[in-house]
Structure formats: structure tokens, C-alpha cells
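To start, the structure itself, in C-alpha cells.
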Number of protein chains: 2
Amino acid sequence: MATISDVARAAGVSPATVSRVFNGGRVTPERVERVRKAASDLGFSPNRVARSLRMQRASVIGLLVPDIENPFFTSLARGVEDAAQRTNLSVVLCNTDDDVEKERRYLDIALAEQMAGVIVAAASRKHTDLSALAARGMPVVAVDRRPRAAAVDAVTVDNQLGGEEATAHLLDGGYERVACITGPAGASTSEDRLAGYRAAMRDAGVSEESTRPYVRYADYRVDGGYAATRELLALPSPPDAVFVTNSLMTVGALQALRESGIEPPDVGVLSFGDVPWASLVRPPLTTVQLPSYDMGASAAALLQERLAGSGKPLQTVVLRTALQPRESTRGPAARD
Amino acid sequence: MATISDVARAAGVSPATVSRVFNGGRVTPERVERVRKAASDLGFSPNRVARSLRMQRASVIGLLVPDIENPFFTSLARGVEDAAQRTNLSVVLCNTDDDVEKERRYLDIALAEQMAGVIVAAASRKHTDLSALAARGMPVVAVDRRPRAAAVDAVTVDNQLGGEEATAHLLDGGYERVACITGPAGASTSEDRLAGYRAAMRDAGVSEESTRPYVRYADYRVDGGYAATRELLALPSPPDAVFVTNSLMTVGALQALRESGIEPPDVGVLSFGDVPWASLVRPPLTTVQLPSYDMGASAAALLQERLAGSGKPLQTVVLRTALQPRESTRGPAARD
DNA sequence: CGCTCCTGATAAATCGATTTCTCAGAGAAG
DNA sequence: CTTCTCTGAGAAATCGATTTATCAGGAGCG
């Protein structure tokens with residue numbers, strides 16, 4: 001691999017001049033030409049490791065997500081990646097498994113690798129500690145979930161409003177005993193969506209006391225949704241509708257319902273977070289669509305702004321969710 | 001951030017000694033103790049960039065996949081990541097979008113970042129050029145798709161056999177005019193699965209000539225599957241079953257079929273590649289399951305073997321697919 | 001003509017860890 | 001007692017790019 005000195009020698013100039021040609025310094029046009037030619041002849045591409053060491057900053061950003069198998073995060077990751085690509089940043093994708101310890105390890109790596117910045121969907125509201133990064137001046141953007149006290153930019157959706165709309169939609173559809181299966185107790189998304197559910201129920205005149213048995217915390221995974229649904233069905237007075245706060249748990253919930261022989265529309269199911277194959281489930285599922293790709297893109301844009309040295313005060317971008325009813329898309333084959 | 005010299009100073013030794021303590025050199029126990037203490041007092045963690053520069057190798061491996069939104073690759077990525085974690089390797093995930101140019105750019109980055117190695121699901125059988133990596137002695141493992149002539153280790157599944165079994169299963173089910181929607185013409189997986197289809201049709205006494213109209217190349221995406229299915233349905237004598245060679249295209253195919261009012265079991269649909277929600281589609285879909293996670297894990301293991309300096313001859317690991325019939329799981333609510 | 005100022009280029013320092021080279025001192029062998 | 005060997009440790013070179021300090025040479029001005 002050709003180094004900057006090889007190019008310098010071939011072009012008959014000093015390494016410093018070569019560096020200036022590529023990083024914008026004043027160099028006479030004639031030399032610029034010589035250097036460019038020598039570089040392309042030798043197939044020179046600068047060693048990013050050496051550059052990072054000298055610059056004290058790599059051209060890599062870290063993206064920490066709890067579960068890359070969750071389509072929401074995959075799509076978010078694409079948003080980040082596409083935006084990052086535009087400024088020649090690479091993205092390192094890290095799975096935290098919602099494990100604070102694993103997350104901490106990745107944050108250490110981000111520091112040791114001198115990454116340019118980090119976008120993080122925090123594993124825990126309380127325990128995720130971003131202070132070490134802040135201390136080193138590394139820009140951080142929180143996405144999807146807000147860590148509690150950290151002073152960082154953030155991109156979220158209005159989870160409470162979304163949860164409220166979702167629940168209200170079920171109530172409007174004539175369902176009465178609406179249950180809610182939400183995510184882990186620590187996460188801001190779980191709590192906010194649940195708060196939306198509670199608000200909608202209150203508005204409908206249902207006391208908080210009587211909703212209590214219908215609320216279940218699970219883990220945002222298929223199995224969690226399944227187990228929670230089984231529990232709900234075993235209640236003396238089981239719910240006639242369920243608001244599930246993420247798409248993977250919805251898969252589990254539908255499986256559990258199917259096993260019990262109860263299915264939409266006999267039971268109402270509403271998923272927070274889009275399911276790409278929602279239209280294939282019979283009858284089609286109503287979902288709250290999350291702008292996952294845009295959240296990733298916005299987060300990356302925010303981070304890049306900070307990297308460029310923006311001194312703006314911290315900002316939180318809140319995107320809107322969109323309720324997508326699917327009753328109307330019942331295909332002609334839905335004869336039952 | 002504390003450097004190795006800070007630690008050395010605090011412990012009253014030279015930086016060389018500190019390095020030896022952490023990387024296994026001969027140091028007297030008493031000094032080891034002093035260094036360890038100083039390091040933990042200062043919260044020292046070695047700067048990976050500096051280390052990479054000196055070692056001429058980073059502790060990062062690149063994973064290049066065509067589409068991270070495809071569940072197959074997500075699961076494969078987890079396999080790679082879990083295996084890599086065990087030897088303290090980080091994984092950089094790169095989306096190539098099946099674009100040879102984008103892929104080339106990522107391969108360049110892998111070189112410039114001095115990554116320890118690369119695992120690649122090649123965008124193109126012909127045009128993916130791994131020679132530059134090989135020339136630099138960077139270990140490469142091909143996964144899922146075999147690049148044509150490259151001398152690299154590989155992990156694949158027996159796509160032809162899988163395609164044959166899948167097609168045979170449809171024929172056994174009583175379907176006669178079986179179509180095949182396969183992936184991009186360049187990719188080895190497309191061609192091999194198609195070859196399996198052709199073999200099965202031949203065995204059933206159908207001439208290659210007459211299968212020709214029933215073969216469609218698409219792009220392994222939802223939309224591609226949709227469009228191909230529309231075309232097939234518009235034929236004078238439309239197929240009565242279709243073998244779709246990946247799960248995303250299957251979603252598209254099912255959508256197209258639904259729109260036309262034809263659905264399983266009136267038409268046979270068999271998906272190559274598992275669909276996590278297969279059991280929710282009515283009636284449940286038969287799929288060919290791919291050991292995606294294991295493929296990732298095996299690829300990572302192979303790579304690590306090379307990194308450890310194994311001089312073994314090149315090997316190709318071929319995993320088996322598993323046909324998963326789902327007819328029997330029809331739930332009680334399937335009354336139509 | 002002499003002096004200052006400016007421009008473009010180079011030499012050398014720098015980033016932080018690893019590793020080779022060199023050396024001092026302890027212990028063994030003669 | 002001298003010489004040789006061996007071990008542990010420090011000094012310094014190294015990886016490759018960026019950047020600061022320095023310098024040479026030409027233009028402009030009095």
C-alpha cells in the first residue's frame with residue numbers, strides 16, 4: 001500500500017505538500033497536478049488509522065441499538081447510514097441486547113477507537129451513562145429513547161400522543177376492555193406509550209384502578225408478547241382488545257390469540273410500530289407507523305451538525321407518528 | 001484520557017514495561033502489581049488507534065451485506081457479531097445495496113482502516129473484486145454467495161439441493177405448472193436455486209422448454225416479487241404454484257396474489273428463506289429454512305482461524321437447508 | 001540598492017502504543 | 001576471581017498522516 005511519502009517521492013515534493021493537496025492548503029496548480037497524477041498512479045489512499053491518530057478523531061460514528069433484528073432499528077440504521085455516507089462517515093453498528101453492561105463496553109470502545117460521535121438508543125433510562133463521552137467532548141445523539149439526565153441532542157417520536165391515538169382508535173371501534181402490552185419498565189418508550197394508553201382510557205371514563213389488571217410489561221420481543229397475551233387471556237374477564245407497543249411483540253400476541261381460537265376482528269389488535277407484512281395478516285392489522293428511517297436520518301444530521309462545530313443549544317426533534325387503519329384494505333378473498 | 005506514558009510515570013517504570021504487562025512480556029511480579037494499580041487508578045484503556053497503527057491491524061472486521069433490511073442478513077449479522085465478540089473483535093456492518101460500486105468503496109475503506117478481515121456476501125459473482133485484499137494478505141470469507149474465482153474461504157448452503165427439494169415438494173402437493181421467481185441474474189444464490197428448480201422439473205418430466213415462461217429474475221426485494229408475480233398471472237396459462245427464492249419477494253408475491261383474489265392453497269407458494277411471521281399468514285406458508293445465524297457464526301469462526309495464522313488449505317463450509325412444511329398448523333379459526 | 005513582506009514549500013514534531021536494540025546486573029561455569 | 005550467559009528493563013525507532021515552525025525566494029517600496 002502506497003504511503004504519503006511514496007507519493008511525495010514520486011511527485012518530487014514533500015509529504016506535507018501531498019497532504020495539503022488532499023486536505024485543502026495552498027499549493028501551486030502545477031504541483032497539484034503532479035501530486036494528483038502520482039497518487040492515482042500509485043493507487044494511493046490515505047491510511048485512515050494514521051490520520052485518526054493524528055487528528056484525534058476517526059471518521060467513524062457508532063450506532064448503538066438494543067436489537068438489530070427488530071425491523072424498527074434496522075430501518076433506523078439505514079437512515080443513519082445513508083445520511084452518514086454523504087459526509088464520508090462510516091457507521092459501526094453495535095447490538096446492546098438491552099444489556100447495560102454490554103452497552104457500557106461498546107461505549108468504552110467508542111472512546112478507545114476515538115469515534116467521531118455516537119448515536120444511541122439507550123438500553124436503560126436510568127443506568128445508561130453517557131458522561132464519559134460528554135467529558136471527552138464526543139458528540140452524542142439519543143434516538144428513540146431519551147436517557148434521563150444526559151445533556152444530549154435527541155430524536156424521538158411523540159410516544160404518548162401516539163399511544164393515546166392508538167388506544168382511542170380501539171375504543172372508537174367499539175372495544176371496551178382494552179389491554180396494553182408495553183416494553184421494559186425502564187425504557188422511556190414503554191412508559192410514554194403506556195402513559196398515552198392511560199390518558200385515553202381516562203378520557204373514556206375508565207378508572208386507572210380498573211385498567212391495572214390489563215397492563216403488562218414485557219421485553220419488546222416476540223416471546224414477551226406471546227407470554228403477556230397468554231396471561232391476559234387467562235384473566236377472569238379477559239380484554240376484548242389489546243394495544244401492543246411494538247411490532248415484534250405483536251407477532252407474539254397474534255400467535256397466542258390464534259392458539260386460543262380468538263382472532264381479529266373478534267378481538268382488537270393494534271400495533272405500535274409498523275409491520276412490513278401487516279397487510280398479509282388476516283384481517284389486516286391497524287398499526288401506528290413510526291418514521292424509523294427518518295429518525296435515523298435526523299439523528300445523523302444532528303450529529304453531523306455537532307461535528308461541524310455547531311454551538312447551537314441542545315435540541316430535541318420530535319417526529320409524529322401516523323395511525324394507519326387497515327380495515328379498508330380487506331382483499332376480495334376475505335370472504336369469511 | 002490517560003496514555004501509556006501517564007501510567008508508566010505513575011508506576012515509576014517505562015512505557016515499554018507497561019505495554020509488556022498488558023500484552024504478555026516478562027515482567028517481575030512486583031512491577032506488574034505497580035503497573036496494574038496505576039492503570040486502574042488512572043482508568044487507563046489503551047488507545048486502539050495507536051495500537052492499530054503500530055500493529056498494522058485493527059481489531060475490527062468488516063461485514064458487507066447487500067441489504068440489512070433483509071431478515072436473513074440481519075440474523076447472519078448477529079451470528080457474526082456474537083462469534084466476534086468472543087475474541088474482542090468489533091464488527092462494522094456495511095450495506096452494499098447490491099451495488100458493485102458501493103461495495104468497492106467499502107472494500108477500499110476496509111483496506112484504509114486496516115481492518116483485520118472481511119466477511120462478504122458479494123454483490124456480484126463476476127464483478128466483486130477481492131484481489132486487492134488478498135494482495136495485502138487480508139483474510140476474507142465469502143458468505144452466502146460465492147464470488148467467482150476468488151481464492152477465499154466460504155460458507156454457503158446447498159442452494160441447488162434446497163431449490164430441488166422445494167420444487168419437488170410443490171410437485172408432490174399436486175401442483176403442475178410451477179413457476180420460479182429467483183434473484184438477480186448475477187448472484188450465485190439465484191442461479192443455484194433456479195438450477196435446483198430446473199432439476200426438479202426435469203425429474204418430473206417437464207421439458208426445460210416449457211418451464212421457460214415460468215421463470216422470472218427479480219431483485220430479492222418486496223417490489224420485485226410483486227412485479228414478477230403480476231407478470232406470471234398475466235400469462236395465457238398462469239402457473240398454479242410458485243417457488244420464490246427469498247422471503248422478501250415472497251411478501252410481494254403474496255400481495256400480488258391477494259390482489260388477484262387467488263390465494264393458497266388454490267395456488268402453491270413456497271418461500272426460500274424463513275419468514276418469522278410465516279405462521280401468521282393464512283394458510284401458513286411452507287418455507288425452506290436457512291441457517292442464517294449459523295452461517296454468520298461459521299464465517300466468523302473461519303475468519304478468526306485465519307487471523308490466528310492457520311495455514312490450512314482454503315475451505316468451503318456447506319450447510320444444509322431444512323424444508324419446513326406448515327400445512328398442519330392451520331389454526332382453529334381457519335374456517336373459510 | 002537594501003529592506004520588508006508575503007507566498008509556497010519543506011523539515012521536523014506530533015499523535016500513542018509496540019517492539020527492537022542495548023545495557024546493566026545477577027548467577028553460573030571454569 | 002574472571003568470563004560468559006541470561007533476564008528484566010529502559011531508550012529509542014517505528015507505524016503514516018497532519019501541522020507547526022522555519023526557510024527560501026520573489027515582489028513591492030522607499
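The shown structure was predicted, so the numbers you read here are calculated from the model rather than taken from an experiment. The chains referred to below are lettered A, B, ... by the order of the sequence lines, with proteins before strands, and numbering in each begins at 1.
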Worksheet item: Reckon S19(A) touches a base, only the sugar-phosphate, or nothing at all at heavy-atom distances under 4.0 Å?
Response: base
Item to complete: Identify, between Q56(B) and E30(B), the residue whose nearest nucleotide on DNA chain D lies closer to the 5' end.
Response: E30(B)
Discussion item. At 4.0 Å (heavy atoms only), tell me whether R48(A) reaches a base, stays on the sugar-phosphate, or touches nothing.
Written reply: nothing
Item to complete: Hey, which sits more toward the 5' end of DNA chain C by its nearest nucleotide, A2(B) or V27(A)?
Response: V27(A)
Discussion item. For a 4.0 angstrom threshold against heavy atoms of chain A, report the outermost contacting nucleotides of DNA chain C in 5' to 3' order.
Written reply: dG8(C) to dG16(C)
Worksheet item: Is it true that R145(A) and D98(A) have a side-chain N and a carboxylate O under 4.0 angstrom from each other?
Response: yes
Worksheet item: Are any of the side-chain nitrogens in R34(B) or E30(B) under 4.0 Å away from the carboxylate oxygens of its partner?
Response: yes
Discussion item. So, taking the atom named OG in S292(B) and the one named CG in L76(B), what distance separates them when rounded to the nearest 0.5 Å?
Written reply: 6.5 Å
Fill in: Electrostatic pair R105(A)-D99(A), nearest N-O below 4.0 angstrom
no
Worksheet entry | Cationic N near anionic O, under 4.0 Å, R306(A) to D153(A) | yes
Discussion item. Quick check on DNA chain D: between M55(B) and V13(B), whose nearest nucleotide comes earlier from the 5' end?
Written reply: V13(B)
Response to the item:
In whole angstroms, the gap separating P of dT19(D) from CZ of R57(A) amounts to 12 Å
Worksheet item: Any Lys/Arg nitrogen of R36(B) or E33(B) sitting under 4.0 Å from an Asp/Glu carboxylate oxygen of the other?
Response: no
Worksheet item: Looking for any heavy atom pair under 4.0 Å, which part of the strands does F44(A) touch: base, sugar-phosphate only, or nothing?
Response: sugar-phosphate
Worksheet entry | Phosphate contact (dG8(D) OP1 or OP2) by R26(B) side-chain N/O below 4.0 Å | yes
Worksheet item: N23(A) CG to dT19(D) P: how many Å, rounded?
Response: 7 Å
Worksheet item: At under 4.0 Å between heavy atoms, what does V49(B) touch on the DNA or RNA strands: base, sugar-phosphate, or nothing?
Response: nothing
